[in-house]
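Only a predicted model underlies this, so the values are computations on that prediction, with no experimental measurement involved. In what follows, every chain begins at residue 1, and chains take the letters A, B, ... in the order their sequences are listed.
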Protein chains: 2
Amino acid sequence: MSTNQNIKVAVDAVVFGYTSREGLSVLLIKRNIDPFKGSWALPGGLVGNQETLEDAVQRELSEETGVNINYLEQLYSFGQQGRDPRNRVISITYYGLVKPDGFELKANTDAADVKWFNIKKLPKLAFDHQAILQVARTRLQNKMQYEPVGFELLEEKFPFSELEKLYMAVLDRHIDRRNFKKKVSKFGFLEETNEKQLLDGAGRPGNLYRFNEQKYFELKEQGISFEI
Amino acid sequence: MSTNQNIKVAVDAVVFGYTSREGLSVLLIKRNIDPFKGSWALPGGLVGNQETLEDAVQRELSEETGVNINYLEQLYSFGQQGRDPRNRVISITYYGLVKPDGFELKANTDAADVKWFNIKKLPKLAFDHQAILQVARTRLQNKMQYEPVGFELLEEKFPFSELEKLYMAVLDRHIDRRNFKKKVSKFGFLEETNEKQLLDGAGRPGNLYRFNEQKYFELKEQGISFEI
DNA sequence: TCAAAAGTGTTCTTCGTACACCCATGA
DNA sequence: TCATGGGTGTACGAAGAACACTTTTGA
């Protein structure tokens, strides 16, 4: 059993982005080699002998998509036989969060195309990537409810309503504005700036807020736990 | 990057057991080959070309320890270079739960010895297994608070106090008996039998309870969520 | 009759939730 | 002046936390 093992190790990444225009989106590449040539798939590829798993993810993302990832966390490892028709490949998957200003894409040699897809309008995906994406979505939903990772999807300064809409988009349910504000404010890691939102249409401009990560870590040290 | 990848794939398992006598325990093997010959380590080994990751874990456990695993869940994948001094090995780790009556051990060819160690009296471990164990412990603590996995560590029928002591051992804090009973009973997946505990000493014998898994799944379907 | 462990209810506080009107701005 | 979206407080009910005495058994 310990001799002649012939299994390849890959990484794949589910990268989430959010804008209030587009909602919650996922970054996909169009494959330009077989198998699944022409299909949309998660960015990813084989791990180099000398690089860590995280480095491999970062490298693949920059090779294939050009995005700047802001938060990266290991998701799950998939190892079923037949998930890649060529060889036995186990894939260690990650999910990542990108701020809206890191949204510019450039498809590269390895990919025929790169695009953001709204989470509700996904194409058919190659391999078992549909299942991976589902796991990632569920994980993000859970994670956002007990750690303030949502801020990794917003600009540095944002109106409160952005945060609220983000939570509604990810959790896919309505949230009461007043209760949500009360709950988030209570923790004390959100700073009000004295700037106001720049408007794109009518309506009263909201105050801009900033997430104080330093403060959050202090509170976490003290055992205060975030929950939405 | 895609040519001549030379990385081995292994699985390792953190197996937890519980008895009120011994408290929360972890199953370790004594290595009989180098590196770390003579050190205690988590059971595990390389994955065969034709087996799933879960199968590999089950096989290693039965080869090395002879325990019957009751619940198995993937934990995390560790891939740092240097974690195995021989080759680049990435390890996909699992944690498992064993009922007290599956406690009999038999060390086998692959291991010089197998033993249960109380979680508070662990020896130095080989490789990065100390870190893996820490991740597993934290995961178990979290998991037990939102899914009733604790029952996988108890006999089929158990006095209520067993459940309570188990939670105290895993969470490492005091739990109020009355509040705990109220909370657990409320869910309705715990059945009271009309048998009573067999005593080992003085004290009033407790009623025996049984976990109704069927009922739990029904409740879960209805969106009722377990939380301690 | 004593020691050991199990069984059981009430009160108080905290948190979650439901809910509607006024304000600032651009068109 | 109208339409759009932001800002704000209160009241009710549910759940969590603190807390002590009685019962059953073996020695």
Would you tell me if any nitrogen or oxygen in the side chain of Ser161(A) comes within less than 4.0 Å of OP1 or OP2 on dG6(D)?
yes
May I ask you to check whether Tyr209(B) and Glu162(B) show a side-chain donor-acceptor distance below 3.5 Å?
no
DNA chain D: 5'-proximal contact among Glu227(B) and Gly201(B) (nearest heavy atom)
Glu227(B)
Counting only heavy atoms from other residues, nucleotides and ligands, does the tally under 6.0 Å from CD of Gln222(A) exceed 12?
yes
Without decimals, in angstroms, what is the distance between Phe160(A) CZ and dG5(D) C1'?
15 Å
Any donor-acceptor N/O pair, Arg139(A) side chain to Leu75(A) backbone, under 3.5 Å:
yes
Give the rounded distance in Å between these two atoms: CD1 of Ile175(A) and C1' of dA18(C).
15 Å
Please list, by residue number, the residues of residues 176-197 of chain A whose heavy atoms come closer than 4.0 Å to an atom of DNA chain C; answer none if no residue qualifies.
Asp176(A), Arg178(A), Asn179(A), Lys182(A)
Figure out the NZ/P separation between Lys165(B) and dA4(C), and round it to whole Å.
14 Å
Regarding Tyr18(B) and Glu152(B), do their side chains bring together a donor and an acceptor under 3.5 Å, going by distance alone?
no
Return the value, rounded to whole Å, for the distance between atom CZ of Arg204(A) and atom P of dA27(C).
18 Å
Do the charged groups of Glu191(B) and Lys215(B) touch, with an N to O distance under 4.0 Å?
no
note: Glu164(A), atom CD; dG6(D), atom P; distance rounded to Å ~ 8 Å
Calculate the interatomic distance between Asn207(B) atom CG and dT23(D) atom P; express it in whole Å.
16 Å
Starting the side chain at C-beta, find the nucleotide from dG26(D), dG6(D), dG26(C) nearest to Leu199(B).
dG26(D)
In plain terms, say whether Glu147(A) and Lys220(A) are close enough for a salt bridge, that is, a side-chain N and a carboxylate O under 4.0 Å apart.
yes
